[in-house]
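This report refers to the structure that appears directly beneath it.
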Protein chains: 2
Amino acid sequence: MIMKLLEERIRHDGQVLPGNVLKVDNFLNHQVDPELMLTMGEEFARLFRDNGITKVLTVESSGIAPALMTGLKLQMPVVFARKHKSLTLVNDLYTATVYSYTKKVSNKISISKKFLGAQDKVLIIDDFLANGQAVAGLIEVCQQAQAEIVGVGIAIEKTFQRGHQLLKEKHIRLESLAKIAAFENGQVVFTDDSDNHVAADK
Amino acid sequence: MIMKLLEERIRHDGQVLPGNVLKVDNFLNHQVDPELMLTMGEEFARLFRDNGITKVLTVESSGIAPALMTGLKLQMPVVFARKHKSLTLVNDLYTATVYSYTKKVSNKISISKKFLGAQDKVLIIDDFLANGQAVAGLIEVCQQAQAEIVGVGIAIEKTFQRGHQLLKEKHIRLESLAKIAAFENGQVVFTDDSDNHVAADK
């Protein structure tokens with residue numbers, strides 16, 4: 001249901017740029033639709049309601065809005081990792097290196113040790129899952145903190161890129177609200193569209 | 001009321017570091033308390049409810065949480081300006097330079113032209129007002145867009161630094177939820193505390 005809502009929004013307001021880059025800066029990562037974020041947060045909270053989550057974890061900046069609404073609905077604090085161009089070793093931080101394929105730069109992300117520990121059950125939230133570098137960095141800081149990773153909630157997943165496989169290999173539960181299977185002629189094809197295609201072919 | 005709530009939270013969870021830096025990273029700008037953000041958003045929405053706001057504007061990353069909740073309650077979109085280390089002139093962006101006194105670096109902030117225009121009535125939201133550099137940058141992009149600035153909503157204001165005066169000189173309405181008048185012996189003194197002191201002295 002939320003998946004349908006988000007997919008329709010992507011179809012209506014998303015823009016597919018050359019190189020199959022999906023731009024959703026009018027409702028998700030530059031201009032933000034708060035009501036849509038709340039609906040997404042409600043859905044993530046519903047999906048992970050029974051898992052005893054103690055902390056919602058994301059990385060600045062685009063992950064903050066969906067993570068905040070998820071935390072609101074789970075009644076749990078949200079922590080957002082900070083991005084830094086460079087960072088010398090600092091004692092009171094967990095850090096990981098994240099490579100961005102779109103920006104072609106490496107950033108360090110960091111979380112203060114006081115906000116993540118072995119007692120925590122963590123839900124990782126982010127706006128996009130493509131190559132999975134940001135999520136891998138968040139997983140790494142959770143491991144450093146010996147926190148339990150309960151699952152990953154993603155707004156928009158590109159199922160054909162490496163992030164999906166990466167989480168599968170780590171046996172981490174993945175819940176994505178909109179799943180993009182491919183781009184065809186500048187149009188987004190969602191995984192359920194492909195299912196429909198298969199069904200129609202029968 | 002909200003002011004009292006936020007002041008108590010600052011007293012309880014805030015940390016005054018040497019150099020009179022107030023650290024509130026356990027509920028506002030690293031770990032975030034979603035319920036508190038919602039209460040703050042409700043208060044900003046109440047204060048500006050009758051002003052026909054069409055857009056809530058902030059800058060990544062710490063402004064996003066309070067701005068998102070304000071947008072939710074005003075039922076209006078939120079736009080967060082992006083920070084860049086450097087930025088060559090780009091046609092479709094409004095940009096301004098912001099100097100950070102705490103980090104001692106200049107950043108450019110930018111907003112896509114498609115999300116701000118002459119028809120907009122803007123409420124600027126941010127987590128802190130000290131020297132007012134970030135808010136000044138946001139005002140500058142609004143002016144470039146010929147958008148009307150209805151007011152500025154701040155979570156924590158340090159009334160003794162330049163930001164307050166800067167907004168007063170520009171005749172821009174300022175609403176701050178917690179107002180710090182001074183730091184004394186590592187403790188926060190709020191403006192209403194000072195009022196009480198004055199009253200007690202009479």
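Every chain is numbered from 1 and lettered A, B, ... according to where its sequence line falls, protein lines coming before strand lines. Values below: all heavy atoms of this structure, side chains included; hydrogens, waters and symmetry mates excluded.
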(request) Please check if atom CD in A:Q119 has more than 12 non-hydrogen atoms from other residues, nucleotides or ligands closer than 6.0 Å. (result)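 Enclosed: over 12 neighbouring heavy atoms sit under 6.0 Å from CD of A:Q119.
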(message) Other residues, nucleotides and ligands only: do more than 12 of their heavy atoms fall within 6.0 Å of CD on B:Q165?
(response) yes
Mind listing the closest non-hydrogen atom pair of [X] and [Y] along with its distance?
X	Y	answer
A:Q31	B:V79	OE1-CG2, 3.6 Å
B:L72	A:M69	CD2-CE, 3.9 Å
B:L68	A:P34	O-CB, 3.7 Å
A:H30	B:S110	CE1-O, 4.0 Å
B:F80	A:V32	CE2-CG2, 3.6 Å

Contact origin within [X] toward chain A - heavy atom pairs under 4.5 Å:
X	value
B:M37	side chain
B:K114	side chain
B:L57	neither

(request) Please flag which part of A:K55 lies under 4.5 Å from any non-hydrogen atom of chain B: side chain, backbone, both or neither. (result)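 When you check distances to chain B, only side chain atoms of A:K55 fall under 4.5 Å.
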(message) Out of B:L38, B:D33, B:T70, B:N29, return the one with the most heavy atom pairs under 4.5 angstrom to chain A.
(response)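 So the answer, after comparing B:L38, B:D33, B:T70, B:N29, is B:N29.
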(request) Mind checking the OG-CG spacing from A:S112 to B:D25? Nearest 0.5 Å is all I need. (result) 6.0 Å
